[in-house]
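Single-structure report; data block below.
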Number of protein chains: 2
Amino acid sequence: MVNETQHTCSASSSSKSDGGSSSGSESSKDSSRCSTPVLDADRHERLREKMRRRQDSGDKWFSLEFFPPRTANAAVNLISRFDRMGAGGPLFIDVTWHPAGDPGSDKETSSMIIANTAVNYCGLETILHMTCCNQTRDDITRHLQKAKRLGLKNIMALRGDPVGEEWEEEVDGFNYAADLVKHIRNEFDDYFDICVAGYPTGHPEAESYEEDLKYLKEKVFAGADFIITQLFFRSETFFKFMKDCQAIGITCPIIPGIFPIQGYHSLRQLVKLSKLEVPQEIKDVIEPIKDNDAAIRNYGVELAVSMCRELLDSGMVHGLHFYTLNREVATTEVLKRLGIWKEDPRRPLPWAVSAHPKRRVEDVRPIFWASRPKSYIYRTQEWDDFPNGRWGNSSSPAFGELKDYYLFYLKSKSPREELLKMWGEELTCEESVFEVFTSYITGEPNKNGYKVTCMPWNDDPLATETNLLKEQLEKVNRRGILTINSQPNINGKPSTDPIVGWGPSGGYVFQKAYLEFFTSSEIVTALLKVLKKYESRVNYHIVNVKGQNITNAPDLQPNAVTWGIFPGREIIQPTVVDPVSFLSWKDEAFALWIEQWAKLYEEESPSRMIIQYIHDNYYLVNLVDNDFPLENCLWQVVDDTFELLN
Amino acid sequence: MVNETQHTCSASSSSKSDGGSSSGSESSKDSSRCSTPVLDADRHERLREKMRRRQDSGDKWFSLEFFPPRTANAAVNLISRFDRMGAGGPLFIDVTWHPAGDPGSDKETSSMIIANTAVNYCGLETILHMTCCNQTRDDITRHLQKAKRLGLKNIMALRGDPVGEEWEEEVDGFNYAADLVKHIRNEFDDYFDICVAGYPTGHPEAESYEEDLKYLKEKVFAGADFIITQLFFRSETFFKFMKDCQAIGITCPIIPGIFPIQGYHSLRQLVKLSKLEVPQEIKDVIEPIKDNDAAIRNYGVELAVSMCRELLDSGMVHGLHFYTLNREVATTEVLKRLGIWKEDPRRPLPWAVSAHPKRRVEDVRPIFWASRPKSYIYRTQEWDDFPNGRWGNSSSPAFGELKDYYLFYLKSKSPREELLKMWGEELTCEESVFEVFTSYITGEPNKNGYKVTCMPWNDDPLATETNLLKEQLEKVNRRGILTINSQPNINGKPSTDPIVGWGPSGGYVFQKAYLEFFTSSEIVTALLKVLKKYESRVNYHIVNVKGQNITNAPDLQPNAVTWGIFPGREIIQPTVVDPVSFLSWKDEAFALWIEQWAKLYEEESPSRMIIQYIHDNYYLVNLVDNDFPLENCLWQVVDDTFELLN
């Protein structure tokens with residue numbers, strides 16, 4: 001909130017590029033009661049339950065407010081920011097409603113689509129703001145239906161700003177947030193968790209502070225679950241407000257809204273819009289340094305940290321809501337200094353989970369999309385049931401086609417010029433492609449001095465786990481085994497292992513060695529001869545772009561390649577090599593050569609023709625070494641293949 | 001078949017007491033195509049498909065015919081015989097239809113109930129014979145419906161014998177087996193596999209051999225899937241018959257019926273009933289030794305082996321059907337000498353599977369019923385879905401109550417007098433009960449010189465696997481930790497391990513250490529103190545007969561305690577410790593003290609009161625050591641408990 005018009009602030013500032021991996025980021029705390037074997041309670045609880053559980057356990061939390069971006073490029077950046085800030089463990093994020101920006105539409109910059117992306121693709125518990133004035137009942141119902149369909153579970157119900165200067169009641173319309181709360185409860189029963197806004201110094205348009213408290217009580221009694229407050233500058237303001245609320249019978253959680261001052265101009269604009277008074281002692285500090293952004297931000301962080309400490313120490317506050325203005329540095333700094341930024345390296349599952357309620361039991365995925373979880377979510381968004389416990393097979397519905405490579409949440413974070421520097425302004429032969437793969441693996445700069453930090457199949461630098469295989473991967477990529485996915489075999493490491501661990505503590509995790517790569521038909525011919533020797537040990541799938549498919553796997557049977565054994569639980573096997581999905585992945589993996597790489601070059605250019613040649617002629621191969629307790633034999637398989645070729 | 005009246009032969013003879021464990025006995029051969037991760041194709045194929053697969057692979061097979069017993073005691077013996085002979089790997093067994101014995105009823109000696117027991121409780125593919133003459137269409141339909149409901153999938157369609165001396169056609173009735181075949185196909189479509197009888201020397205009542213072949217063709221063309229022949233004495237008889245069948249267009253499998261001569265009188269009676277001619281050369285051998293049963297049986301075995309060899313060597317015969325006369329020795333001997341008795345120590349799953357089609361995907365069970373699989377099947381017979389992949393929880397339907405302890409297939413194989421010798425004619429104190437448990441574990445005779453080969457909770461001698469724990473088990477039972485179920489921890493042994501292995505080859509099996517026992521409240525109090533030290537490692541459930549339940553397990557979450565990792569497959573986890581089912585098992589486990597043990601003694605007798613005391617006051621405890629890669633800590637837990645008590 002703050003105010004629905006605050007997104008006049010720039011969205012492109014201060015994108016700290018820490019390149020962290022996009023883990024689902026939901027807390028992996030165990031539940032004492034869970035109706036399925038899925039590991040994290042967070043996937044089963046509603047927001048208000050999570051809030052209550054955190055309050056009961058004394059575990060302080062925070063949440064983050066964002067506004068929708070104005071351009072598609074800014075949307076790509078915002079999603080990266082969601083991933084990075086999601087890693088700190090917010091209880092939820094919220095996305096403001098921008099009436100002027102077609103907020104319920106399918107535009108990539110709409111409130112609805114940004115919130116949808118946060119829930120589904122970033123796995124974040126999300127509140128969508130919604131205002132009701134100047135909108136028809138039908139419009140509002142349609143927005144709410146759409147939000148529900150997209151998997152959004154929480155609404156911040158707001159009145160919104162008047163169109164003209166003065167406020168006029170509409171007959172039979174929604175004039176107050178309370179009307180919207182009632183409407184949501186009437187039409188959607190208990191489906192949504194509802195949040196409303198509280199004004200610690202009274203709403204600027206209210207007749208009086210007391211009058212405004214009455215409105216707040218009305219909103220809560222209409223069915224709201226909790227309150228987030230407008231920003232304020234002194235903790236006493238909040239304490240008084242909270243006591244006054246309690247005095248008139250408001251018992252739901254009240255979450256203080258925190259605004260770390262990040263710059264002179266943004267503060268001024270905000271104050272003007274929200275009609276708040278900045279205390280003199282703050283003005284006194286800021287005015288003399290108004291042209292020194294860094295100094296103001298440092299001061300803002302200090303101020304926020306000390307006020308947050310007062311709030312948390314009071315025992316009355318369990319969570320803090322941050323108005324981020326879509327910026328990262330100041331809020332992250334405050335959270336880290338407060339000690340509530342919890343970058344938990346532990347993962348509930350080896351892949352990033354989605355927060356859509358339909359997917360709450362999902363705990364098995366094909367390994368192929370390990371580096372492209374958002375694309376996997378996109379291609380399975382129409383599924384009604386998600387695999388749980390076992391992948392199974394014939395029952396799996398089909399994958400959606402991936403045509404929209406340029407959907408902002410599937411797009412590469414790097415612009416074309418950067419990609420060209422990494423992948424080569426000009427390719428001269430297949431070997432120059434091998435070099436790009438090799439540079440990505442080694443992390444060494446390419447011959448033009450640029451580091452290759454992403455590939456069409458991996459938008460992030462090499463995973464820590466893959467680093468374990470770095471030496472061998474480098475060797476084989478140099479020779480034209482172009483690896484795009486791999487994992488080492490693991491025979492029972494503790495689930496708390498910082499590199500390969502996942503799930504609750506006290507368990508053991510296992511993996512079968514996996515290697516997936518593109519390679520030439522010449523190498524495939526030799527490989528197939530070598531694989532005869534490994535027939536009972538190695539499962540393989542070899543397919544080209546036309547779908548010619550060679551495999552020794554029992555037809556349609558998935559092979560579990562990652563699993564975990566935990567105290568007091570059933571076995572979890574989160575990744576499988578599934579022969580059926582591999583054919584869907586194949587389409588995507590081959591298409592990425594063209595869509596992400598070839599199209600960087602002019603049509604008919606030699607560079608483009610080289611990529612096209614690889615696309616048309618290479619095979620996509622995956623290998624699983626079933627003997628996980630023994631030394632990984634896949635490198636031997638590759639060595640034998642090269643030996644046979646020589 | 002042979003003839004529907006053959007069950008005049010005694011059913012109580014020659015029960016070779018080899019005490020083998022009752023493993024499900026279905027072949028564990030892998031399928032090259034399987035629609036679920038369940039391990040054995042046999043559970044998914046219809047009988048005719050299994051037959052075809054065996055024929056294609058050149059894998060010779062056999063089947064066994066039995067008739068329903070005349071008494072309930074004989075039924076208990078027959079079921080043990082099913083278990084023992086099932087271990088040799090028959091492709092199917094068949095149960096004859098005895099019109100005089102109320103064959104479709106719920107009596108424990110009815111054809112229907114014996115076949116039901118074979119399918120559901122012994123896990124054997126079973127054909128139920130059914131005759132049609134002198135029965136109404138409605139009766140027959142009702143029988144077929146009941147058979148289907150019970151999970152029977154195969155019918156041998158027969159005419160049956162006339163009531164009087166002469167055969168009279170009934171108008172609108174079923175006069176021929178072909179009528180029955182048509183009726184089954186009309187009413188049940190393709191649900192049943194149908195078998196019909198072939199007479200290599202022509203049916204005794206047929207006008208001619210040629211005329212009889214025409215009837216056979218009619219039966220086959222009415223919808224039969226294969227033919228089993230009447231017995232014959234010379235392989236040429238069968239070869240001629242087979243060629244004649246083929247000549248008139250019969251192409252379905254024809255399975256020769258083999259009758260190993262087992263005694264002079266049974267042969268005479270059989271010949272009389274089936275109106276067959278015994279060849280002179282056989283008579284010449286038998287007559288002189290007609291009073292020497294052993295000599296005749298040896299001769300019968302020789303004769304059968306040599307004829308079977310001729311049949312198999314011809315390449316025309318892929319399977320042999322044995323008329324066992326409900327006896328074990330001769331048939332088993334013939335099969336072993338032919339090399340087609342395949343006592344495969346390998347198990348598709350750690351527990352004996354049921355052959356009911358409803359249960360074909362079942363691959364998870366609570367560990368509690370490990371020694372009482374028939375009781376488990378009985379108590380879950382009303383379930384519509386069976387756990388597959390995961391046990392889950394809230395979705396599991398309730399267990400049926402076990403009231404019918406005396407159902408013949410749940411009953412102890414040992415009579416009361418034997419049980420008293422094993423468990424004590426007279427008990428003087430709780431310690432005399434400890435001694436019974438200890439004797440069962442050690443295999444040493446009790447103080448009266450009798451070996452304790454079964455217990456109320458285990459109808460068979462100690463499992464080989466449990467032998468691994470023998471020394472520790474002996475120690476703790478002596479001190480009043482009365483163990484009824486246990487398994488060692490296993491950290492990745494090959495799936496072909498002769499003791500703990502199961503499932504297809506090339507895999508690895510794992511177990512968490514498990515211990516389940518009755519013990520006094522005094523020991524429980526100390527145990528609970530000790531368990532605090534092991535809180536994060538050991539899961540426990542402790543319950544008394546009243547249902548007072550103490551546990552540290554996450555509520556309702558099952559704990560997988562046996563699992564296997566196989567090449568190219570998803571994880572299989574066939575046994576779990578499930579908190580909810582434990583409460584159902586508790587009822588059964590406590591009731592067995594009274595039903596099987598206390599009731600051996602007079603009411604008010606001291607022996608009975610001791611058992612009653614234990615039943616009323618002891619606790620049932622189960623412990624799981626979650627740290628399967630480390631040394632089993634459960635013995636240390638017990639040691640610590642005793643130390644605390646001293």
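So you know, we letter chains A, B, ... as the sequences are listed, proteins then strands, and number each from 1.
Interface remark: V624(A) contributes no atoms to any contact with chain B (heavy atom separation under 4.5 Å). Neither the backbone nor the side chain of N552(B) comes within less than 4.5 Å of any heavy atom in chain A. Heavy atoms of D625(A) lying under 4.5 Å from chain B are absent altogether.
Within the 3.5 Å criterion, the main-chain N or O of R390(A) finds no donor-acceptor partner in the side chain of E570(B). Looking at Q557(A), its side chain never comes within 3.5 Å of a backbone N or O of G568(B) through a donor-acceptor pair.
Remark: E535(B) CD is packed, more than 12 non-hydrogen atoms of other residues, nucleotides or ligands lying under 6.0 Å away. Shown here is K358(B), whose NZ atom has more than 12 heavy atoms of other residues, nucleotides or ligands within 6.0 Å.
Residues meeting the ring-ring contact (aromatic ring centres under 6.0 Å, His included) test with Y508(B), sequence neighbours left out: F628(A). Listed by chain and residue number, nothing satisfies the ring-ring contact (aromatic ring centres under 6.0 Å, His included) test with Y534(B) (two or more places apart in sequence, or in another chain).
Remark: Q573(A) CD to R569(B) CZ distance equals 13.0 Å, nearest 0.5 Å.
Among all heavy-atom pairs drawn from W563(B) and I565(A), the shortest one is NE1-CD1, 3.3 Å.
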